[in-house]
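What follows is a short report on a single structure.
Numbers here simply count residues along the sequence, with the first being 1.
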Amino acid sequence: MTSIDSAFTVVTAEMTYEVLDRRWMSIRTHHVFKLRAEKPHRFYFREYFWDNEQGIEKPPRLLSGRKPSGRTAHRLLGPVIVGPKGSRLLVIDLGRVVEPGQTEIVEIEHFFVRVSPEDEGYVGARGQDGMEQVQLTAILPARPDLRPHFKSRNGDTDGEEWDEFEMLEGARARSRRIKIERTVTEPLAGHRYRLGWDQKVTDV
């Protein structure tokens with residue numbers, strides 16, 4: 001969420017992380033961003049991280065920009081750019097120059113297969129100037145030892161200390177599934193917000 005593209009403000013962000021299998025390896029993430037242009041621009045740069053280099057990362061799917069005619073205005077420019085320490089950069093052509101004050105919705109879906117999942121999983125976002133809301137959602141296999149939690153801290157702080165930590169309850173989404181949600185209104189610029197859970201698999 002630390003966008004290098006100053007042409008757009010991310011007004012709202014919806015981040016959903018879904019575990020698709022009992023071994024906690026198949027992951028689908030879904031992201032919806034409401035953008036507001038601060039200067040005329042056509043391209044949006046989406047930064048994210050994939051920290052399991054031995055796993056599988058499929059090309060992202062762009063779900064937004066569809067016209068009534070069936071034509072898709074949004075498109076991906078080239079493959080995902082791979083950087084150091086799991087950093088990724090996705091360049092999206094919005095199909096038009098978005099003028100200052102105008103808004104655009106970008107919707108993206110990712111699919112990953114994770115090898116040797118870490119003990120803790122999370123879905124998170126980083127606050128930006130002008131951001132009004134962040135919605136974090138996790139859909140997980142139901143287990144008694146999930147220990148879902150929410151935490152936040154200044155993004156420039158190193159170490160394991162968090163300014164805020166709160167244990168959460170999950171709501172049943174469907175058979176054998178749990179949905180955990182947290183909405184952050186007016187997130188602080190540079191602040192990290194994380195919806196987390198224990199995901200160590202011991203019974204497969």
Side-chain angles (χ1 to χ4, degrees), residues 1-3 10-34 46-55 57 85-88 107-129 131-204:
M1 295 293 293
T2 56
S3 177
V10 179
V11 180
T12 63
E14 301 175 23
M15 320 286 278
T16 301
Y17 183 109
E18 183 174 8
V19 176
L20 303 175
D21 69 315
R22 290 183 59 197
R23 294 182 61 86
W24 295 71
M25 295 177 65
S26 298
I27 309 297
R28 178 169 56 218
T29 68
H30 182 253
H31 311 269
V32 182
F33 304 104
K34 180 180 179 181
R46 150 85 170 142
E47 291 184 274
Y48 65 99
F49 289 88
W50 165 243
D51 58 0
N52 196 244
E53 299 294 342
Q54 295 178 343
E57 177 183 7
K85 299 181 179 180
S87 63
R88 301 288 191 266
E107 185 176 3
I108 311 166
E109 185 177 78
H110 297 268
F111 180 81
F112 308 98
V113 177
R114 184 179 296 277
V115 176
S116 300
E118 296 180 355
D119 291 349
E120 181 188 10
Y122 67 90
V123 55
R126 185 179 179 122
Q128 299 179 29
D129 287 326
M131 182 175 279
E132 297 176 0
Q133 182 174 288
V134 169
Q135 173 70 41
L136 303 176
T137 303
I139 303 173
L140 311 169
R143 287 190 355 204
D145 59 347
L146 276 179
R147 298 182 66 251
H149 54 270
F150 172 79
K151 54 188 178 182
S152 68
R153 71 179 180 191
N154 187 310
D156 296 327
T157 303
D158 294 325
E160 299 300 322
E161 295 296 324
W162 293 79
D163 299 333
E164 179 184 8
F165 185 94
E166 178 185 350
M167 299 300 298
L168 301 175
E169 294 289 337
R172 187 170 297 278
R174 50 187 179 269
S175 178
R176 299 182 180 179
R177 310 286 284 173
I178 293 292
K179 177 185 283 187
I180 307 161
E181 298 178 286
R182 184 62 176 250
T183 300
V184 180
T185 303
E186 297 183 355
L188 299 175
H191 226 65
R192 293 179 182 177
Y193 300 91
R194 183 175 292 186
L195 188 65
W197 57 87
D198 290 347
Q199 63 179 15
K200 186 172 183 180
V201 178
T202 59
D203 57 352
V204 296

Let me confirm one number: the [atom1]-[atom2] distance from [X] to [Y], rounded to the nearest 0.5 Å.
| X | Y | atom1 | atom2 | answer |
| --- | --- | --- | --- | --- |
| Thr185 | Gln135 | OG1 | CD | 9.5 Å |
| Met131 | Glu186 | CE | CD | 12.5 Å |
| Thr16 | Glu18 | OG1 | CD | 8.5 Å |
| Met15 | His30 | CE | NE2 | 11.5 Å |

Does the side chain of [X] reach to within under 4.5 Å of the side chain of [Y], using non-hydrogen atoms?
| X | Y | value |
| --- | --- | --- |
| Trp50 | Arg114 | yes |
| Glu14 | Thr137 | no |
| Pro141 | Arg177 | yes |
| Val19 | Ile27 | yes |
| Gln133 | Thr183 | yes |
| Ile180 | Tyr17 | no |
| Leu168 | Trp197 | no |
| Asn154 | His191 | yes |

Please give me the minimum heavy-atom distance between [X] and [Y], naming the atom from each residue.
| X | Y | answer |
| --- | --- | --- |
| Ala138 | Leu195 | N-CD2, 3.9 Å |
| Trp162 | Ser152 | CE3-C, 3.4 Å |
| Asp198 | Arg143 | O-NH2, 3.9 Å |
| Gly127 | Pro187 | CA-CB, 4.2 Å |
| Gly55 | Val115 | CA-CG2, 3.8 Å |

Residue from Glu164, Arg192, Arg194, Glu166 passing side-chain contact (heavy atoms from CB on, under 4.5 Å) with Lys151 | Arg194
Answer yes if the ring centres of His31 and Tyr48 are under 6.0 angstrom apart, and no otherwise.
-> no
Looking at Phe165, Tyr122, Tyr193, which hits ring-ring contact (aromatic ring centres under 6.0 Å, His included) with His149?
->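 Of Phe165, Tyr122, Tyr193, ring-ring contact (aromatic ring centres under 6.0 Å, His included) with His149 is met by Phe165 alone.
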Between Glu132 and Lys34, is there a side-chain N and carboxylate O pair less than 4.0 Å apart?
-> no
Determine, for Arg23 against Asp21, whether the closest basic-nitrogen to carboxylate-oxygen distance falls under 4.0 angstrom.
->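 Judged by the 4.0 Å cut-off on N to carboxylate O distance, Arg23 and Asp21 do not form a salt bridge.
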